[in-house]
Amino acid sequence: MTLAQQVQDILTGNPAILPAEIANQLNASELDVIQAMPADMVTLIDASHYLDVLRDIKTWGELTLVIDVDGSIFEMVGHFPKGGEKFGYYNLSDRRTPLKGHLKLDNVAVIALVSKPFHGVATRSVQFLSKQGRMLFKVYLRRDKEQNFLPEQLEKFEALKRLSAA
């Protein structure tokens, strides 16, 4: 059975399962699992568009940034910071947000636009995966009081699909 078939079987049984959990079950990398997910759940964007995606995301307003380090989840709600390139990094340097850091440009393998349920609600996220197959970070769209995606963010998320090679 192929990895794609195994991933599909797991998602059929539990649509809300996280790709990281599938990766653990199948002894695969998270990158391999995301690449094997059904096309209606994932749009893959080549890493050559990394800066385009980062520059676009900073215009989306308030988002939820998620960083998963060995099962410990860090979340931050706010605007994605603006930044600039220097010495092989995209340096986050926006005074309006507490998020600071240095994103290594040449370590990104792929950017995944992921649409899947989680805890009973639909989610949309932009996920950045490393060449080693690990998740670097994810940016989730926010919702209004009625739990609907913010229309402007959803539109911009969908517009990123134009960068897909598929």
Side-chain angles (χ1 to χ4, degrees), residues 3-4 7 18-20 22-23 28-116 118 122-144 148-166:
L3 181 61
V7 169
L18 293 171
I22 297 172
S29 74
E30 197 164 356
L31 174 59
D32 290 339
V33 167
I34 286 175
Q35 289 174 323
M37 288 173 63
D40 64 334
M41 288 186 167
V42 175
T43 300
L44 298 173
I45 298 173
D46 188 79
S48 64
H49 295 290
Y50 184 43
L51 291 174
D52 298 324
V53 173
L54 288 176
R55 289 179 182 131
D56 195 56
I57 287 174
K58 73 180 182 182
T59 70
W60 292 16
E62 193 170 87
L63 300 160
T64 301
L65 173 74
V66 176
I67 301 170
D68 179 343
V69 179
D70 291 330
S72 294
I73 310 296
F74 298 88
E75 295 183 11
M76 182 176 176
V77 175
H79 290 77
F80 195 85
K82 62 183 176 181
E85 297 172 76
K86 199 171 192 179
F87 304 118
Y89 289 85
Y90 183 78
N91 299 291
L92 304 174
S93 58
D94 194 333
R95 290 188 180 131
R96 299 174 301 154
T97 174
L99 180 62
K100 307 289 186 263
H102 313 280
L103 307 176
K104 189 163 178 52
L105 294 172
D106 65 358
N107 194 31
V108 177
V110 72
I111 301 158
L113 305 178
V114 179
S115 304
K116 68 178 296 308
F118 184 66
T123 66
R124 301 287 184 279
S125 62
V126 182
Q127 303 188 10
F128 298 82
L129 292 111
S130 76
K131 291 178 180 174
Q132 295 77 29
R134 294 187 302 270
M135 184 62 61
L136 296 167
F137 63 96
K138 308 173 206 179
V139 179
Y140 282 85
L141 276 61
R142 300 283 294 165
R143 300 173 179 283
D144 62 20
N148 298 310
F149 291 112
L150 301 178
E152 308 82 28
Q153 286 185 359
L154 190 55
E155 184 178 312
K156 289 179 178 191
F157 176 85
E158 293 297 325
L160 278 182
K161 291 180 179 179
R162 76 187 185 287
L163 299 174
S164 170

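Because the structure is a prediction, the values reported are computed rather than measured. Sequential numbering from 1 along the given sequence is applied to the chain's residues.
- Minimum heavy-atom separation, Ile111 to Asp46: CD1-O, 4.3 Å.
- The distance from atom CZ of Phe128 to atom CE of Met135, rounded to the nearest 0.5 Å, is 10.0 Å.
- For Lys82, the NZ atom sits in a loose shell: 12 or fewer heavy atoms of surrounding residues, nucleotides or ligands are nearer than 6.0 Å.
- For Ser130, the side-chain contact (heavy atoms from CB on, under 4.5 Å) test picks out Asn107, Gln132, Arg134, Leu136, with sequence neighbours left out.
- At a threshold of 4.5 Å between non-hydrogen side-chain atoms, the residues Phe80 and Arg55 do not count as touching.
- Under the rule for a ring-ring contact (aromatic ring centres under 6.0 Å, His included), Phe157 has no partner lying at least two apart in sequence or in another chain.
- Atom CZ of Phe149 and atom CG of Asp144 lie 10.5 Å apart (nearest 0.5 Å).
- Between atom CG of residue Leu65 and atom CD of residue Glu75 there is a gap of 9.0 Å, rounded to the nearest 0.5 Å.
- Residues satisfying the side-chain contact (heavy atoms from CB on, under 4.5 Å) test with Gln153, not counting sequence neighbours, are Trp60, Leu63, Leu141, Arg142, Leu150.
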Under 3.5 Å, which donor-acceptor pairs link side chains of residues 98-106 to any protein atom two or more places apart or in another chain?
unit_1: Lys100; atom_1: NZ; unit_2: Asp94; atom_2: O; d: 2.8
unit_1: Lys100; atom_1: NZ; unit_2: Thr97; atom_2: O; d: 2.4
unit_1: His102; atom_1: ND1; unit_2: Asn91; atom_2: OD1; d: 2.5
unit_1: Lys104; atom_1: NZ; unit_2: Asp106; atom_2: OD1; d: 3.3

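- Shortest non-hydrogen contact noted between Gly83 and Ser93 is CA-OG, 3.9 Å.
- Of all the heavy atoms in Ser164 and Ile45, the pair that sits closest is N-CG1, 4.2 Å.
- Thr64 places no side-chain N or O within donor-acceptor distance of the main-chain N or O of Val77, the cut-off being under 3.5 Å.
- Between Leu18 atom CG and Ile73 atom CD1 the span is 7.5 Å, to the nearest 0.5 Å.
- For the pair Val114/Thr123, no side-chain contact is recorded, criterion being any heavy-atom separation below 4.5 Å from C-beta on.
- Val7 has its side chain out of reach of Ile34: every pair of non-hydrogen atoms, C-beta onward, lies at least 4.5 Å apart.
- Atoms CZ and CG, from Arg162 and Asp52 in turn, are 7.5 Å apart once rounded to the nearest 0.5 Å.
- Here His79 contributes atom NE2 and Thr59 contributes atom OG1; the two are 10.0 Å apart, rounded to the nearest 0.5 Å.
- For Ala20, the side-chain contact (heavy atoms from CB on, under 4.5 Å) criterion is met by Glu30, not counting sequence neighbours.
- In this structure, the side-chain contact (heavy atoms from CB on, under 4.5 Å) partners of Ala47, at least two apart in sequence or on a different chain, are Val108.
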